[in-house]
**Student:** 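The structure under discussion is supplied below as structure tokens; questions concerning it will follow.
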Amino acid sequence: MEKSCTLLIHFDKGTPAIANEIKEALEGNDVPAKIDAMKKAVMLLLNSETLTQLFITIVRYVLPSEDHTIQKLLLLYLEIIEKTDLKGRILPEMILICQNLRNNLQHPNEYIRGVTLRFLCRLNETEIIEPLIPSVLQNLEHRHPFIRRNAILAVMSIYKLPQGEQLLVDAPEMIEKVLSTEQDPSAKRNAFLMLFNCAHDRAINYLLTHVDRVSEWGELLQMVVLELIRKVCRTNRGEKGKYIKIIISLLNAPSTAVIYECAGTLVSLSSAPTAIRAAANTYCQLLLSQSDNNVKLIVLDRLNELKSSHRDIMVDLIMDVLRALSSPNLDIQRKTLDIVLELVTPRNINEVVLLLKKEVMKTQSGELEKNGEYRQMLIQAIHSCAIKFPEVASTVVHLMMDFLGDSNVASAIDVIVFVREIIETNPKLRVSIITRLLDTFYQIRAARVCSCALWIIGEYCLSPSEVESGIATIKQCLGELPFYSVSEEAEATDASKKTPQTNSITISSRRPAILADGTYATQSAASETAFSPPTIVQGSLTSGNLRSLLLTGDFFLAAVVACTLTKLVLRLEEVQPSKVEVNKATTQALLIFVSMLQLGQSPVLPHPIDNDSCDRIVLCIRLLCNTGDEIRKIWLQSCRQSFVKMLSEKQLQETEELKAKAQVSHAQPDDLIDFYHLKSRKGMSQLELEDEVQDDLKRATGEFVKDPDDANKLNRILQLTGFSDPVYAEAYVTVHHYDIVLDITVINRTRETLQNLCLELATMGDLKLVERPQNYTLAPESSKQIKANIKVSSTETGVIFGNIVYETSNVLERTVVVLNDIHIDIMDYISPAVCTDTAFRTMWAEFEWENKVAVNTVIKNEKEFLDHIIKSTNMKCLTAPSALDGECGFLAANLYAKSVFGEDALVNVSIEKQADGKLSGYIRIRSKTQGIALSLGDKITLKQKGGS
């Protein structure tokens with residue numbers, strides 16, 4: 001039997017207390033010194049020290065003490081010391097403590113009696129317990145409830161011992177009498193718990209005879225009742241009808257813990273719509289009534305589970321779930337929105353969107369710190385609703401466009417992406433969106449938002465008035481040209497400072513001059529000794545956002561401006577019959593392009609224009625000077641066609657993800673199907689009838705089929721010893737979040753009894769064994785199941801190693817069988833996950849740990865290599881399949897996974913096919929913690945060859 005320990009304290013054994021010092025302190029009369037010495041003794045014993053010489057001292061000097069703290073520490077000491085010899089017989093000196101325990105059980109102080117009774121619950125030695133039984137039974141009738149409740153627990157523990165039924169033959173009958181007369185809620189709960197564990201039928205009988213009074217019982221007793229109902233209904237599902245009535249009556253209990261357990265019990269026992277609806281309503285009430293954020297998150301998890309299995313019922317409660325958005329906690333708001341977005345239907349979409357719009361308007365108040373993040377989540381939710389149900393887009397798109405100038409850039413980006421998608425999928429809204437976008441364009445302050453807005457203007461301004469308005473808006477936001485002046489006189493500079501609203505440049509007689517550093521400047525005729533370097537012209541106060549962004553050196557935006565103006569001018573040629581207007585627009589556009597190039601090549605900015613942006617602007621100049629029909633078609637039609645294709649692929653990908661999430665169930669050909677209409681309905685309630693129907697449906701659709709993982713357990717068994725070893729061992733490894741459970745089967749293959757067989761394990765890495773090894777006796781050709789629990793503190797790959805040690809009667813020395821190592825793989829911790837491109841880029845920029853692995857493989861095909869990496873690392877490819885199509889010799893893809901610890905793993909694969917056909921490149925891994933980056937890198941290095 002394994003030892004039980006209720007106290008686990010870390011103690012630094014670097015400077016252990018000497019046993020003699022502890023002994024001296026215990027023999028003295030100083031109570032605080034005795035307490036300190038007892039604490040040291042207990043902690044040393046817990047840390048595997050042996051202090052056998054202290055036992056007699058403690059019996060002589062500590063047992064008689066009346067101090068409550070010393071008595072409590074004494075009981076802890078008695079609990080953890082060895083009470084038996086190697087053969088399992090009780091040590092003779094243990095008889096000395098029996099008299100003390102009997103005196104404590106009859107002590108006038110209630111605390112001493114209570115803690116002693118509690119101590120007896122943790123004793124397994126019948127030789128010590130047997131003489132104490134009369135005293136324990138006397139305490140069942142004590143006047144103080146603290147003693148009675150602990151006496152009941154002591155009786156239960158004694159009765160559950162291997163010889164307990166002989167020691168206390170009539171214990172269940174005795175406790176049943178106590179239960180019928182007891183008034184204290186805790187004592188009553190303990191009595192019912194004893195019947196539940198030791199006399200199941202008596203507990204059921206008591207429950208059914210008092211079924212009308214269950215709602216009046218205390219919270220603790222009601223919790224045990226629910227546990228009993230779960231156990232009974234699992235073993236005998238035919239009787240659940242009469243128990244479900246009890247559960248439904250408890251849904252109105254005053255205790256929130258009981259209500260929560262009732263809802264969980266209902267869901268686990270019944271699939272009837274009435275029961276599920278009652279459970280879901282209960283969860284919604286708890287969601288609104290509880291102020292603790294942790295409780296709200298747990299309840300949301302339960303609602304999420306209901307959504308997966310009973311979506312039709314949850315759809316009716318969508319507005320109740322949405323009320324959880326009133327919580328200021330972002331995690332609660334995010335989880336609520338995730339649940340709601342999967343419950344949206346044509347019937348409730350208008351109500352949902354109306355509430356989301358109200359929440360968006362609330363975020364404008366700026367009262368909360370994280371309003372920007374919450375607004376971003378709401379915008380994404382509205383975006384998702386509008387894509388699923390295009391008819392609501394018209395009610396939200398104009399409200400969303402008010403946030404294009406949001407200080408939270410991520411929120412503004414979500415808005416403009418939403419607008420871009422809506423304008424394509426809702427052609428009727430095109431005119432109103434374009435008009436609103438041109439009116440609010442000057443409010444945009446972020447370069448990425450400006451770029452997307454410019455693309456929309458370039459693609460969707462179709463009528464002559466819209467094209468002209470688009471060109472005028474861009475020109476106004478760029479301000480007056482040029483973007484910088486070469487030089488000015490000091491007087492002119494002063495004048496411009498005094499009158500900042502004027503855009504004119506003072507012209508005076510000038511001539512070029514060369515400065516000492518070799519740069520050019522102009523020299524004024526008025527003062528030939530005064531030189532001034534080139535300066536930026538900030539423009540008037542009415543100058544727009546594009547100018548300020550360009551003057552910071554954002555030349556990618558300059559290239560987008562050039563492309564947009566080029567598209568608008570080309571479209572103006574098609575829709576505007578007046579050549580004069582077209583020529584005027586072309587001239588203005590060319591002047592803007594040249595001014596941007598001059599700004600990029602001038603010394604006024606810290607960084608010159610990059611080659612890509614420069615080439616793009618020059619290309620736009622060439623196009624406007626000489627345009628062919630093919631080029632015009634590419635610029636005016638192909639870009640939009642590519643966008644439409646991207647949207648369709650995105651929708652297809654979302655559909656495939658939903659299919660993957662859907663539960664796949666198969667009914668076997670010979671499965672039994674009960675015909676509900678032919679069944680006898682006599683004595684069945686409406687709830688039972690509904691449950692029968694649901695069970696039949698589940699059986700017909702194959703939902704009762706066992707999880708396929710059960711069949712794959714054999715594939716996860718690791719052989720620890722050889723077939724020729726005298727002891728055969730194999731392990732099944734299960735990873736549960738922060739725990740690893742080793743279920744080890746040990747088989748004695750000899751014809752001798754193996755004594756003191758011990759499984760000794762050790763770990764390497766961030767793994768820690770929880771229990772100490774126990775000794776077992778193994779009969780000839782018999783087997784033993786041993787479980788070992790290991791705590792995991794990170795995703796770093798760890799190793800478990802060890803051996804099996806045992807003794808036999810005819811061999812004096814101990815025999816050691818070395819076990820194979822168990823490698824805990826990182827693949828057990830991570831699973832494929834999905835995130836948006838924006839979230840991926842944000843995390844990529846934030847995460848500080850990077851592991852760069854060079855590609856070294858025999859695989860010749862880029863796509864085949866990517867598939868191999870995805871399979872080997874158990875990650876999800878975020879890059880769209882269309883982006884990976886074709887044979888160009890290059891491939892770049894992003895992979896994403898999440899660990900059971902909530903850590904994010906990001907991988908970027910960039911590969912190129914060399915002239916000799918081999919692949920080269922790098923795989924970069926980024927994560928927040930070092931362990932996952934290193935472990936994934938090691939895994940990829942090991943697997944990328946392609947053979948394993």
**Student:** I'd like to know if D301 pairs up with K335 as an ion pair, taking the criterion as any Lys NZ or Arg NE/NH1/NH2 lying under 4.0 Å from an Asp or Glu carboxylate oxygen.
**Tutor:** yes
**Student:** Looking at S782 and L778, would you say the former's side chain and the latter's main chain have a donor-acceptor pair under 3.5 Å?
**Tutor:** no
**Student:** Crowded around E850 CD? As in, over 12 foreign heavy atoms under 6.0 Å?
**Tutor:** yes
**Student:** What are the two closest heavy atoms between K307 and I339, and how far apart are they?
**Tutor:** CD-O, 3.8 Å
**Student:** If every non-hydrogen atom of D725 is compared with every non-hydrogen atom of R749, which pair is closest and at what distance?
**Tutor:** O-NH1, 3.2 Å
**Student:** Please step through side chain to side chain contact (heavy atoms under 4.5 Å, CB included) for the pair V727 and T721, ending with a clear verdict.
**Tutor:** CA-CA 8 Å; V727 175; T721 62; 5.8 Å; no
**Student:** Let me confirm one number: the CD1-CD1 distance from I744 to I717, rounded to the nearest 0.5 Å.
**Tutor:** 12.5 Å
**Student:** Are the charged groups of R334 and D338 less than 4.0 angstrom apart, N to O?
**Tutor:** no
**Student:** Among side-chain atoms of D743 and Q785, is any donor-acceptor pair under 3.5 angstrom?
**Tutor:** yes
**Student:** Could you tell me whether the side chain of R448 reaches within less than 4.5 Å of the side chain of I416, counting heavy atoms only?
**Tutor:** no
**Student:** So do K898 and D904 actually touch side chain to side chain, heavy atoms under 4.5 Å?
**Tutor:** yes
**Student:** With a 4.5 Å limit on heavy-atom distance, are the side chains of K388 and S384 in contact?
**Tutor:** yes
**Student:** Report yes or no: does N748 contribute a side-chain atom to a donor-acceptor pair with the main-chain N or O of A779 at less than 3.5 Å?
**Tutor:** yes
**Student:** Under 3.5 Å, side chain of R311 to main-chain N/O of E342, donor-acceptor pair present?
**Tutor:** yes
**Student:** Check whether T879 reaches the backbone of N894 with its side chain - one donor and one acceptor, N or O, closer than 3.5 Å.
**Tutor:** yes
**Student:** If every non-hydrogen atom of L906 is compared with every non-hydrogen atom of W844, which pair is closest and at what distance?
**Tutor:** CD1-N, 3.5 Å
**Student:** Please find the pair of heavy atoms, one from V855 and one from S920, that lie closest to each other, and give the distance.
**Tutor:** CB-C, 4.2 Å
**Student:** Tell me if the CZ atom of F556 is crowded by more than 12 foreign heavy atoms within 6.0 Å.
**Tutor:** no
**Student:** Grab the two heavy atoms, one from V299 and one from Y283, that are nearest each other, plus how far apart they are.
**Tutor:** CG1-O, 3.2 Å
**Student:** Measure the spacing between CG of L718 and CG of D821 and express it to the nearest 0.5 Å.
**Tutor:** 11.0 Å
**Student:** Are the side chain of S935 and the backbone of I932 linked by a donor-acceptor contact shorter than 3.5 Å?
**Tutor:** no
**Student:** Can you tell if the side chain of E862 reaches within under 4.5 Å of the side chain of E887, non-hydrogen atoms only?
**Tutor:** yes
**Student:** Indicate yes or no: at least one non-hydrogen side-chain atom of V321 is less than 4.5 angstrom from one of M314.
**Tutor:** yes
**Student:** Quick one, I822 and L720 - any side-chain contact, counting heavy atoms below 4.5 Å?
**Tutor:** yes
**Student:** Among all residues two or more places apart in sequence or in another chain, which pass the side-chain contact (heavy atoms from CB on, under 4.5 Å) test with C758?
**Tutor:** E760, P773, N775
**Student:** Hey, are the side chains of L936 and I830 touching, using non-hydrogen atoms and a 4.5 Å cut-off?
**Tutor:** yes
**Student:** Look up atom CD1 in I923 and atom CD1 in I869, then write down how far apart they are to the nearest 0.5 Å.
**Tutor:** 4.0 Å
**Student:** Show your working on side chain to side chain contact (heavy atoms under 4.5 Å, CB included) between D414 and H383 and close with a plain yes or no.
**Tutor:** CA-CA 8 Å; D414 285 334; H383 183 178; over 6 Å; no
**Student:** For side chain to side chain contact (heavy atoms under 4.5 Å, CB included), just list the numbers for W849 and L934, CA-CA rounded to whole Å, side-chain angles, deciding distance to a tenth of an Å, and then say yes or no.
**Tutor:** CA-CA 9 Å; W849 290 102; L934 292 176; over 6 Å; no
**Student:** Please check this pair: side chain of S613 against backbone of F555, looking for a donor-acceptor N/O pair closer than 3.5 Å.
**Tutor:** yes
**Student:** As a quick check of understanding, evaluate side chain to side chain contact (heavy atoms under 4.5 Å, CB included) for V805 and T815, giving each step before the final call.
**Tutor:** CA-CA 6 Å; V805 184; T815 307; over 6 Å; no
**Student:** Begin with the C-alpha distance, continue with both residues' side-chain angles, and end with the deciding distance and a verdict on side chain to side chain donor-acceptor pair (under 3.5 Å) for N293 and K296.
**Tutor:** CA-CA 5 Å; N293 287 339; K296 286 178 181 285; over 6 Å; no
**Student:** So, for I804 and L759, which heavy atoms are closest and what is the spacing to 0.1 Å?
**Tutor:** CG1-CD1, 3.7 Å
**Student:** To the closest 0.5 Å, what do you measure between NZ (K913) and SG (C888)?
**Tutor:** 10.0 Å
**Student:** Relative to each other, are the rings of F723 and Y728 parallel, tilted or perpendicular (30° and 60° limits)?
**Tutor:** parallel
**Student:** Could you tell me the separation between the CD atom of Q719 and the CG atom of L819, rounded to the nearest 0.5 Å?
**Tutor:** 11.0 Å
**Student:** So how far is it from C835 SG to L878 CG, rounded to the nearest 0.5 Å?
**Tutor:** 5.0 Å
**Student:** Taking the side chain as every heavy atom from C-beta outward, state whether L325 and L337 have any atom pair closer than 4.5 Å.
**Tutor:** yes
**Student:** Checking the side chain of Q333 only, and the main-chain atoms of S327 only, is there a donor and an acceptor separated by less than 3.5 Å?
**Tutor:** yes
**Student:** After noting the C-alpha distance and the side-chain angles of K863 and D867, does the key distance pass the salt bridge (charged side-chain N to carboxylate O under 4.0 Å, His left out) rule?
**Tutor:** CA-CA 6 Å; K863 188 73 170 62; D867 292 338; 3.4 Å; yes
